[in-house]
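Heads up: the structure comes next, in structure tokens.
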Number of protein chains: 4
Amino acid sequence: MAVMVKAVRAAARKKPKQERSLAMVEALLQAAARVFVKEGYAKATTNRIAAAAGVSVGSLYQYFPSKDAIAVELLRRYRDGLVALVAARLERVDRVSFGPIVRDLLCDLLQAEGINPALHRVLIEQVLRTTARREMLGFEERLEAVIVGALRASDADLDHELAAFILVRVVLAVVQSVVVDRPKLNTPDLVDELTRLVVGYVGFDVERRPRR
Amino acid sequence: MAVMVKAVRAAARKKPKQERSLAMVEALLQAAARVFVKEGYAKATTNRIAAAAGVSVGSLYQYFPSKDAIAVELLRRYRDGLVALVAARLERVDRVSFGPIVRDLLCDLLQAEGINPALHRVLIEQVLRTTARREMLGFEERLEAVIVGALRASDADLDHELAAFILVRVVLAVVQSVVVDRPKLNTPDLVDELTRLVVGYVGFDVERRPRR
Amino acid sequence: MAVMVKAVRAAARKKPKQERSLAMVEALLQAAARVFVKEGYAKATTNRIAAAAGVSVGSLYQYFPSKDAIAVELLRRYRDGLVALVAARLERVDRVSFGPIVRDLLCDLLQAEGINPALHRVLIEQVLRTTARREMLGFEERLEAVIVGALRASDADLDHELAAFILVRVVLAVVQSVVVDRPKLNTPDLVDELTRLVVGYVGFDVERRPRR
Amino acid sequence: MAVMVKAVRAAARKKPKQERSLAMVEALLQAAARVFVKEGYAKATTNRIAAAAGVSVGSLYQYFPSKDAIAVELLRRYRDGLVALVAARLERVDRVSFGPIVRDLLCDLLQAEGINPALHRVLIEQVLRTTARREMLGFEERLEAVIVGALRASDADLDHELAAFILVRVVLAVVQSVVVDRPKLNTPDLVDELTRLVVGYVGFDVERRPRR
DNA sequence: AATGAATGAGTTTTCATTCAT
DNA sequence: GATGAATGAAAACTCATTCAT
């Protein structure tokens, strides 16, 4: 969730009304994220979300036209945050720094602070049923584009597009599974392995750590 | 075969039209799969499923105690099939045959025969909210166990458990994403890349195919 | 339930088919009585009743056109039995024998064997909604008629009709409440008191038993 | 006043339109009473009750968690009213005033004001299946306690508890039967007879009115 | 005749959304 | 703007009844 903050707080500042509005929207989104993860989309009633945010249902509908709209916005922010995070990390990557930067990125992603795959999992199916489907589908593509850029900058010797497609799925899948289902596996060893997997696949050398 | 509680109870009586019952259960499951994928879990009402199967709601409830039970059974079958497929393929793997066998397995998985990731995606969130959660979570573990066996048989030089965990996620994620979202990418090149990824990660040599 | 047997077993004897039919009807009625009392009318499904009788629903509908029909028949038999019992007891009543006969009758009624007020209570509301309402409403009247006869035979000095109306309600109410809700009160003392109440009301002398 | 769980919870918040809520609860209870009596418990669907009250089903469920809850509340009110009435009448009874007070009480009861035995009859069976059974069973006990008090105050020479048990059933049964089934019998003569029955049973003298 | 699987109308109940205050 | 009571469409599920075997 932390991921999805930066982008926002931009416009509007003076009018206390707008400030209140913003605060309410934030409160609602955070409450919704909590309730969605805890109860699942179906059981997350708008009343419950509003209550969790400390406001009335009526107010919720003042800011979001529907329950779906909340999910869409939540997913959008989540994804934007994720893309921004990855893009920022990979901004200055090159052949030499590739390994360490990947490692750092993986560490970021594996911190529950930087990513909330449980939320993603709850939302994805619902949002895809939405008219916002189009918009949402761009997400992986945007991530891929960032990766393609990094591969190009590192002059990796493989099909950049295909590799980016694969890498996005690989990393997200492992990270999500670890964070949601196997927090026990969230260790430096895992980071090592994933780094080795990625760097090796891309074709750069990695010194193997001797097996325990 | 195991078809929820009620069906079992029904099957426990003599066996009058056991055939008809079985056919009905199959029809219901297939209809449910279709409706779940097409409409999403929420919109897939029991009435709609029954209608799609050409039977009455009452009959549906004769064989499944609830909508969730259908989802659970569907997921169970899907996963059982997947585990069986992988286990069969890897049965006689060794260091030498590792590469080709992995390649063949990937081909199988990418053929989407017997694999329906769209369905999987619709079900997973819902079923995880179910009491069947435990049973379902065992799926990845079972797959991992199979992989661990293969790694051991191939005498791979890495942490078998951790590697198995990673490989299961990696392969499933890429395969499912391709099948569901990017059928265009479903080419021999993809198989090559994935094979290379897996074999390379496990530490066996792969001859790089020259980049196009 | 025992009350409601005598009247029936009349016609038919030879044909084994009819015998089986009769047996089935009996089994169904007894099973229904049990299930109605135990579960209440609403929860007493026809399947459950059939199962309790050891037959199939289909067979149930062979003999009774509807669930209501079972209730109606049950109530009819119950009431017929009760009227018959009371009539038999009061047949030869006169001013002298009035007290002892009333006492005996009360003893009969208070034996769970002779009366099943719980069943009566479950059925009455439902059956009154039935088209059989008319027929059933005659019950109290028939009992009253019997009582009127007894009062006349005993040459009691009061409004026979009004007294009969009152006595029927009084006795049934107390008996039902005792049997259903307060079996602990089902003692000789109760019989004494009720006898005294009735005999006193009718205007005949009763020797008061000294208070404990 | 005590209006089921949800209502209480609702009432616990500030008190916005407490009035409207109360009015709605009243409307629902009255509508329910009407529908229960007219259609029977089974046919009295929550939708029908809500419609009869001129509100939506949703509102019904805002105030009552279930159909049973309505029945329970209705029965509770009915019984509370009855106990209060009897208790008020008997408050200052003594040996001398016993007869006239009983007569007045019977008149009250037979006026059917505040007494609705038809409703009572519909509800009793259903509510007894409820978890509220215990509470409801307390009703007769409370009435009996009031009667015991009256008998003691009047220094009646009999087993107070047993007599109270009997008297409660006797009076209620006759009164209810008259009101529901034989309004024609609702005459001064009936009051006389019942008074005579009660007073005679309790052991006080009653001057017999000469028979018509 | 007996069986019990199949039917589907009808019930209870929930919850996204509206709107009077 | 904020509130939360009211709405009512829609869903899950039951069970009396039918009918093919």
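Only this structure's heavy atoms are used, side chains among them; waters, hydrogens and symmetry mates stay out. Naming convention: chains lettered A, B, ... in sequence-line order (proteins, then strands); numbering from 1 in each chain.
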Partners meeting salt bridge (charged side-chain N to carboxylate O under 4.0 Å, His left out) with C:E39 (sequence neighbours left out)
C:R48
With pairs taken as Watson-Crick or G-U wobble and both distances under 3.5 angstrom, which stems of at least three consecutive pairs involve DNA chain E?
E:2-21 with F:2-21
Of the candidates F:dA12, E:dT13, E:dA6, the side chain of D:V57 sits closest to E:dT13
Check the distance between F:dT3's P and D:Q62's CD and give it to me in whole angstrom.
17 Å
Taking side chain to side chain contact (heavy atoms under 4.5 Å, CB included) as the test, write out the residues that go with A:V25, two or more places apart.
A:L29, A:Y63, A:F64, A:R77
May I have the distance from B:M24 (atom CE) to E:dA5 (atom C1'), rounded to whole angstrom?
8 Å
Can you tell me how far C1' of E:dT17 sits from CD1 of A:I70, to the nearest Å?
12 Å
Listed in order of residue number, which residues of residues 40-53 of chain D have a non-hydrogen atom at under 4.0 Å from DNA chain F?
none
Would you please name every residue forming a side chain to side chain contact (heavy atoms under 4.5 Å, CB included) with C:L128, sequence neighbours left out?
C:I124, C:R133, C:L137, D:R121
If you compare all heavy atoms of C:A44 against all heavy atoms of C:F36, which two are closest, and at what distance to 0.1 Å?
CB-CD2, 3.5 Å
Between C:Y63 and E:dA2, does any side-chain N or O lie under 4.0 Å from OP1 or OP2?
yes
Please figure out whether B:S59 or D:S59 has its closest DNA chain E nucleotide nearer the 5' end.
B:S59
Rounded to whole angstrom units, what separation is found between the CZ atom of A:R129 and the P atom of E:dA16?
18 Å
To the nearest angstrom, the CG-P distance between C:L28 and E:dT3 comes to 10 Å
Can you list everything that forms a side chain to side chain contact (heavy atoms under 4.5 Å, CB included) with D:V55? Sequence neighbours excluded, please.
D:M24, D:L28, D:A50, D:A53, D:S59
Check whether any side-chain heavy atom of C:K38 lies under 4.5 Å from a side-chain heavy atom of C:R34, and answer yes or no.
no
Any D:S56 side-chain nitrogen or oxygen under 4.0 Å from OP1 or OP2 of F:dA6:
no
Round to the nearest Å and state the distance from A:L22 atom CG to F:dG1 atom C1'.
16 Å
Among pairs that include at least one residue of residues 54-68 of chain D, which meet salt bridge (Lys or Arg N to Asp or Glu O under 4.0 Å), considering only residues two or more places apart or in two chains?
none
On DNA chain F, nearest-nucleotide positions of B:G58 versus D:G54: which is more 5'?
D:G54
Taking NZ from A:K67 and P from E:dT18, how many angstroms apart are they, rounded to a whole number?
15 Å
What is the separation between atom OH on D:Y61 and atom P on F:dA5, rounded to the nearest whole Å?
19 Å
Would you please name every residue forming a salt bridge (charged side-chain N to carboxylate O under 4.0 Å, His left out) with D:R79, sequence neighbours left out?
none
By nearest heavy atom, map C:V55 and B:V55 onto DNA chain E; which one lands nearer the 5' end?
C:V55
For D:A33, what residues pass the side chain to side chain contact (heavy atoms under 4.5 Å, CB included) criterion, not counting sequence neighbours?
D:L74, D:L119
